[in-house]
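Here is how names work: the chains are called A, B, and so on, in the same order as the sequence lines, proteins then strands, and each is numbered from 1.
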Protein chains: 2
Amino acid sequence: MSITIKDVAKFANVAPSTVSRVIANNPRISDKTKEKVREAMDELGYHPNFIARSLASQSTQVLGLVTPGSSDVFFQNPFFPTVLRGLSEGAHEKQYALQLVTGMDEEEIYNGVVQMVQGGRVDGVVLLYSKVEDRILMYLREQRFPFVMIGKPFKFVDEITHVDNDNFQATKDATDYLLKLGHERVSFVGGDVNLVVTVERLLGYKNALEEAGITYRKDYVLHESFLLEGGKDAVGELMELPLSERPTALVIADDLMALGVLNTLNEIGIAVPGDISIMSFNNVLVSEMSRPPLSSVDINIFDLGYEASKQLIKRIEKPEEPAKRIIVQHNLVKRFSSGPLTK
Amino acid sequence: MSITIKDVAKFANVAPSTVSRVIANNPRISDKTKEKVREAMDELGYHPNFIARSLASQSTQVLGLVTPGSSDVFFQNPFFPTVLRGLSEGAHEKQYALQLVTGMDEEEIYNGVVQMVQGGRVDGVVLLYSKVEDRILMYLREQRFPFVMIGKPFKFVDEITHVDNDNFQATKDATDYLLKLGHERVSFVGGDVNLVVTVERLLGYKNALEEAGITYRKDYVLHESFLLEGGKDAVGELMELPLSERPTALVIADDLMALGVLNTLNEIGIAVPGDISIMSFNNVLVSEMSRPPLSSVDINIFDLGYEASKQLIKRIEKPEEPAKRIIVQHNLVKRFSSGPLTK
DNA sequence: TTGTACGCGTTATCAA
DNA sequence: TTGATAACGCGTACAA
């Protein structure tokens, strides 16, 4: 068994409660006693027991992280490590630890969240995604448990503190950019339609077309999984269109998908950006290393994570404050996968 | 305040201890009482408080995950998400949660581990790396705290349970493969020399050369960071060699580095595999999508993680069992970045 | 088979 | 400024 507060108390000839106060740096303890107690702690190699502290104070200093149901594919996406780094840094600054919900499907993850929350394992939760329908969100809301979301809530936007990009504007910017390069047949390749981010981006895309006076075509809009395979499939679908109607530019909602597209186009002998321009999202590391390097909307993933943990901690410490919407800047990074229309 | 064991006890007209026993499914409780208590739990929506349980039972059902000091670059590497997925699955099967140590540098992470361990936050720890000198490992060893390592311990190999590839043999296989293709000037591009995996791979490389009767050249061995930039720098160094002495094949210790190499070679007009063959390690997702697709040694990263959490849980539950060395299989995946010597 | 009583290591309230 | 003492919610030895 390790050294407890009682051992320190005995050693320093004070009461356990006094030791506790020294740990909390309570101003009503004399400097002399503090000194004495701290020496005792050092001498004995005392470390506070977090579990006991949590039980007594009803707070754990731990944040729970919730990934979408398909956590296997989510982990694969370079988005995840970066957002995690941001979360980690934000949490660390305030001495919070990070705990992951494990589980293979949505059901398991839901149960994991309930256990975490009811079991008092965490003080708050970060949802690393935003879905159109979400049991987990509904549950947390019902419980009035502190949580923040990365992304835009589908409902209750001004009740839920969330950290998001302006995905509508970002996609509009991306689309505008391609339109200004002279492209008129611009296609949108989005991810899972159950994700709010997909919905928002699609709206931004449509809006850009509209303002440019270009008719929206349903067969120019594709939805695939946020992965390499998704990119391949997308190309297949577009190539079914008659040659004269094929898009000359693509807005792709994720770099990995874009990589898939790039490779598939390469295989069938279509040049980028010669025949087709590509603009994608996230600006992860690999986007720089593809052939050609991808033009991509940098959404500052690290900041999304960093802000999320900061906001959650605020929410835990001051639950009465109103919900906030934090917008993280985006900016277009133009590389070589996009260029002016050549024909 | 939420429902406690006492509320359930009152509701079901039994003692709190009886409820506790029902939760533990103690065989000495009659089926009738169990039934009654379970109904009460359902009725009241009872969920056990993990913190209280942890304090009483001195166990948390949480595993701690420790990344190397440079966690920012570690997170970037596609190795991380995959190993995490494995860890998560292994932990979830046994109802363990995962907690991350946060911290920006080695010092902070060390402190995080000490807090985690002394604070009783976790039942065991997984080290996701193996370094030549490691305070954290020394600390855990001194404390006799349950931990496992992914990779091969530099010291105390048969005292520490670890999950590893046979990196010596894997690199030997990779090198042999290139030698058999006719290459004689084979270079080795390794990662951080403080990592044991780098040391092991270098030994395997040397051994393969030796058995093939090829003299080892120091200037054919490079050490860079496990990232894209590392790959670029490596090419720079090799190009300083006189043309006739430049290697015709490269063994590269990481796919990301290999990607960097690939791109840099491409920029300066050197063909792969025409002029230089490349064989790399890890076989992460992007290796398939590069131009040309990378030949890579698949080290089954998921299994490394999965086995690690399984072994750690065993170790927690049966601390008296002897340490084990678990070897995860590797296999060469031949794609298009490697080919026969052409001159 | 079930209940009583205590301990786990803290924090917090109330006196002194 | 400090010390008793009672929570916090659960597990378990011992008693019944």
Terminal helix-axis angle for the helix from dT1(C)-dA16(D) to dA16(C)-dT1(D), with five pairs defining each axis and rounding to 10 degrees: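 Inter-axis angle at the termini of the helix from dT1(C)-dA16(D) to dA16(C)-dT1(D): 40°.
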R121(B) to F50(A), cation-pi by 6.0 Å centre distance and 45° axis angle: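 R121(B) over F50(A) ring: yes.
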Nucleotides 14-16 of chain C: which of its N/O atoms have a protein N/O under 3.5 Å away?
none

dA4(D) base / S17(A) side chain donor-acceptor hit below 3.5 Å: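 Checked by distance alone, the answer is yes.
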Distance-only polar pair, side chains of K152(B) and N165(B), donor-acceptor under 3.5 Å: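 No - no donor-acceptor pair under 3.5 Å links their side chains.
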Donor-acceptor side-chain pairing of T33(B) and S30(B) below 3.5 angstrom: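 Indeed, the side chains of T33(B) and S30(B) share at least one donor-acceptor pair under 3.5 Å.
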Options dC8(D), dT1(D), dT4(C), nucleotide nearest the side-chain atoms of A15(B):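 When the side chain of A15(B) is considered, dT4(C) is the closest of dC8(D), dT1(D), dT4(C).
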T18(A) vs dT2(D): side-chain N/O to OP1/OP2 distance below 4.0 Å: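 Negative; the distance criterion is not met.
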Charged N-O contact under 4.0 Å between R135(B) and E107(B):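 Salt bridge flag = yes for E107(B) with R135(B).
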Aromatic ring pairing Y110(B)/Y139(B), orientation class (parallel under 30°, perpendicular over 60°, tilted between):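 Perpendicular.
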Residues within residues 42-49 of chain A bordering DNA chain C, heavy-atom distance below 4.0 Å: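 Heavy-atom contacts with DNA chain C come from Y46(A), H47(A), P48(A), N49(A).
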Interatomic distance where CG belongs to D7(B) and C1' belongs to dG9(D) [whole Å]: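 Value for this atom pair: 11 Å.
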